[in-house]
There are 2 protein chains.
Amino acid sequence: MEVVESVNHDQKVAGRLIGRLWRWLKALPGKLMGKVVEFSWKIIKLGQDDPRRVIHSLKVGLALSLVSMLYYYQPLYDNFGVSAMWAVMTVVVVFEFSVGATLGKGLNRGLATLCAGALGIGAHHLADLSGHIGEPILLGVFVFLQAAASTFIRFFPKVKARYDYGLLIFILTFALVSVSGFREDEILEFAHKRLSTVIIGGSACVIISILICPVWAGEDLHNLIAANLEKLGNFLEGFGNEYFTSENGDNEDAKSFMQEHISVLNSKNSEESLANFAKWEPGHGRFQFRHPWNHYLQLGTLTRQCAYRIDALNGYLNTTQIQTSPEIRNKIEEMCTKMSMESGKALKELAMAMKKMTHPSSADSHIQNSKFATKNLDSLLKSGIWDDTDLLAVVPLATVASLLIEVVNCTEKISESVYELAAMVNFRTPEATVSPEKSELGPSDGMVDCPGHVVVTVNDDESSNRANNIPENGLINTSGTVAPGRHNLGV
Amino acid sequence: MEVVESVNHDQKVAGRLIGRLWRWLKALPGKLMGKVVEFSWKIIKLGQDDPRRVIHSLKVGLALSLVSMLYYYQPLYDNFGVSAMWAVMTVVVVFEFSVGATLGKGLNRGLATLCAGALGIGAHHLADLSGHIGEPILLGVFVFLQAAASTFIRFFPKVKARYDYGLLIFILTFALVSVSGFREDEILEFAHKRLSTVIIGGSACVIISILICPVWAGEDLHNLIAANLEKLGNFLEGFGNEYFTSENGDNEDAKSFMQEHISVLNSKNSEESLANFAKWEPGHGRFQFRHPWNHYLQLGTLTRQCAYRIDALNGYLNTTQIQTSPEIRNKIEEMCTKMSMESGKALKELAMAMKKMTHPSSADSHIQNSKFATKNLDSLLKSGIWDDTDLLAVVPLATVASLLIEVVNCTEKISESVYELAAMVNFRTPEATVSPEKSELGPSDGMVDCPGHVVVTVNDDESSNRANNIPENGLINTSGTVAPGRHNLGV
């Protein structure tokens, strides 16, 4: 009985296992199909996000096939032989996405091969003098010293940023040339072949990279900075529109713009690497050879500072419910909305000016309006009409206002930096000059009983003042006592 | 006369030029000496900042010298011949600063060489079938397609983070093997030699990297996160001490700690690359093989959010003068100082717990104290004793308080994240358990007329609650109506 039961049990287990396997096998094609479809969609999306990626891939394929000709075409192969391999390697390693990166790597590789080749031959000859036993020892010592020293120099931040690859190739070529010399008699020919094939491979990369749909790192950097400014501008504009008007507007669609600024917070590394690549690039399009790329980094830092303030504002609004009586809301809110909207518009105008490379004078009126709203808010609080309201009700709004003032200050600094850039590279003046409109939030609005009247004087030579970095105290003559850049009020 | 004058003039000019050249030449050794001394100091400083750099340089030199033995030692050379070159190349390219990076590159290179070698041989055989004219064309097409596809796949962010180098080597090896096959008859031997020399070079790197003073990326990441927490803690502690106590304390020395948090703002990239390297590393010291490295990234994100708030606070304080009557200052300031100091201490305790890998319970009391100070501030404002004071005087302090509340919230989130980490990897309990002290800012201080008494109950199972991520509403029983995490007050 026991044996029969055990056999039955085994059969059942086996049957269940086979059944499971069968179901798994039946489901497999569907699952695989799903994976393949998913993967295909990912590939299509990757290409659609930036079609230059597809072109770059084809360019690499083309360069590699062309250089492979060194193998197929008999006269070329007679010349280079197995060294043709170096050309293939150079193409694979040097061909980068942007022209600047490709040029930088190509030049690094070419120059490092030249220097290290020469030094390697020298080291080989020196070691040759010391006899058959001393030669490998001396060569080993040379290789050790050279590798250790070059590796250490790679730690210098400035070297790492621009010449890291060159030093790598320097170590490599020196070791290969000096050590190969121990075995090969025609070391000069070896070094010469290596150099010429590297030059062939590098030139193929650079030429294809520049001639076929070039991707310029400098242009990318320029566009990245402009796009970041625009994102912050979108946030501020959207914030002014959405936040105050619809109190409980928790709909996710309207708040998607609230997340855009997050990518700005972490843009430092991409900006720095783009600037490093851009410095290798020749003049192209609207950019000269010695375009002030470092100024873009400065502008990027200011943009990020503004983004930090905006993130703090966003965080504060997400954790705090503002509960105020309607009449107070309306008064302070109007100022805050104005400040936010005008700063946002100013940033978007600056972004537009960057994109078109026109003089950023169209942002001035918005910046003045936002500063003006700040001063009105100041007066509003000074006026003392709040004495009978609840302190608790004002504090959250005042905090938002304080943070917005910080944002307005940052916007002003960004504008100054864009002006400096415009002066450096001679942005052209826009075709239809937008004259700064009369400030929309003047004392004539009748809202505020200002203790000191505010007069806006727009000088004709305003833009030249800005461009020459003269403090703009002369632009807005206030009879108030607000020191520029340092509000003694705190809101 | 004229001729004589002209000759005199020429002589004078020549004399002046020679004089200038002489002075330049005389100054040259001094200048050169100065440069050399400056450069030497830089080198010494670079080594002192992180002595592991010197050791790493020596390790690279050693590995390269060892692998060069393949050339010098006759039996080895008989085996590999010129292919020994690949071992040298592998060492130069694969040997990175940390074990994780070296292992990652080594494995990528080894596996890519294996796969691409096999595929390359297959492609060569396939092309061989199509006759002498068709062969180079078919090979060119294969190389083109493979290079284009692999280059495109490198754009996937996940692939780029971990397998970028592997794909590069895949393209390279496939092209070399398949194309070399057109010329070399013994293609199998070629591929085999390449693979074995790559393995020799890679193993040399990995072994030396692990055996001699290993630099673990995982440990670096762990320490980086702890150091960042400590920096923020220093800022908050120093801010509590310095800012309120000495109003015009503009001395730069005391404010140097104010700048430390800036490095935290931009730590994202180094954290991500360290985490990627750490994933390749085997278990080492206090870290298991599958240590939750991704959780460190989450902790890093929270730390950066806290740093953004702190930067906003710092920026606000730099542009705003707080002018308040002393009696108001004292009252709000005491709360703010408390909040700042206690958050700072909590962050430093968390950093210490991370460093020692002990259970972070010692931070609890500080976090409770800071939350407690927040609630007291809340009560203070609710109590209505401010009705007769100037609104303007309160607003800047209230803004600082609002920002500090954000910081307190962030600190709490960070603490929760550290607790999660502690539960994941079983941090050991500290030897002398620090029992959470009685909150120092209780209603018994007599400062505030709280509408609702606040009772602090510290449960024994507190830490297990935290570790299991149960909201700690049960920990602090307040009779107030403050909803957790969402202050309806706004300060």
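First the proteins, then the strands, lettered A, B, ... as listed; each starts at 1. No experiment lies behind these values; they were computed from the predicted model shown. Heavy atoms only: backbone and side chains are in, while hydrogens, waters and symmetry mates are out.
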Query raised in the report: CZ of Phe97(B) to CZ of Arg154(A): how many Å apart, nearest 0.5 Å?
Result: 12.0 Å
Query raised in the report: In Å and rounded to the nearest 0.5 Å, what is the CG to CZ distance from Leu66(A) to Phe144(B)?
Result: 10.0 Å
Query raised in the report: Which of these, Gln305(B), Arg309(B), Arg304(B), sits in a side chain to side chain donor-acceptor pair (under 3.5 Å) with Asp311(A)?
Result: Arg309(B)
**Report entry** Residue, of Val91(A), Val143(A), Ile43(A), that accumulates the most heavy atom pairs under 4.5 Å with chain B
**Finding:** Ile43(A)
Query - Contact list for residues 54-68 of chain A, test side chain to side chain donor-acceptor pair (under 3.5 Å), sequence neighbours left out - result: none
**Report entry** 4.5 Å side-chain heavy-atom contact, Leu70(A) and Val179(B)
**Finding:** no
Requested in this report: Find the distance between CG (Leu46(A)) and CZ (Phe152(B)) and round it off to the nearest 0.5 Å.
Outcome: 4.5 Å
Report task. Check each atom of Leu139(A) against the heavy atoms of chain B and say whether the ones under 4.5 Å are side chain, backbone, both or neither. Result -> both
Query raised in the report: Do you know which of Pro136(A), Ala147(A), Ala175(A) has the most heavy-atom pairs under 4.5 Å to chain B?
Result: Pro136(A)
Query raised in the report: Which atoms form the tightest heavy-atom contact between Leu265(A) and Asn266(B), and what is the distance?
Result: O-OD1, 4.5 Å
Requested in this report: Quick one: pull up CD1 in Ile153(B) and NZ in Lys42(A) and give me the separation to the nearest 0.5 Å.
Outcome: 12.5 Å
Query - Check: Tyr72(B) and Ile137(A) side chains under 4.5 Å, non-hydrogen atoms - result: no
Report summary line: Residue from Val92(A), Val67(A), Leu403(A), Leu62(A) scoring the most non-hydrogen pairs under 4.5 Å with chain B is Val92(A)
Requested in this report: For residues Leu176(A) and Met85(B), report the shortest heavy-atom separation together with the two atoms involved.
Outcome: CD2-CG, 3.4 Å
Requested in this report: Pick one of side chain, backbone, both or neither for Val54(B), based on which atoms fall under 4.5 Å of a heavy atom in chain A.
Outcome: both
Query - Neighbour count above 12 (heavy atom, 6.0 Å) for Ile133(A) CD1 - result: no
Report task. Please work out which of the three classes, parallel, tilted or perpendicular, describes the rings of Phe156(A) and Phe39(B), given edges at 30° and 60°. Result -> parallel
**Report entry** Heavy-atom contact with chain B under 4.5 Å, split by part of Phe95(A)
**Finding:** neither
Query raised in the report: Taking the side chain as C-beta and beyond, is there a heavy-atom pair between Ile171(B) and Leu64(A) under 4.5 Å?
Result: yes
Query raised in the report: For Lys158(A), which residues count as a salt bridge (charged side-chain N to carboxylate O under 4.0 Å, His left out) partner, sequence neighbours excluded?
Result: none
Report summary line: When the 4.5 angstrom heavy-atom criterion is applied to Ile169(B) and chain A, the contacting part is neither
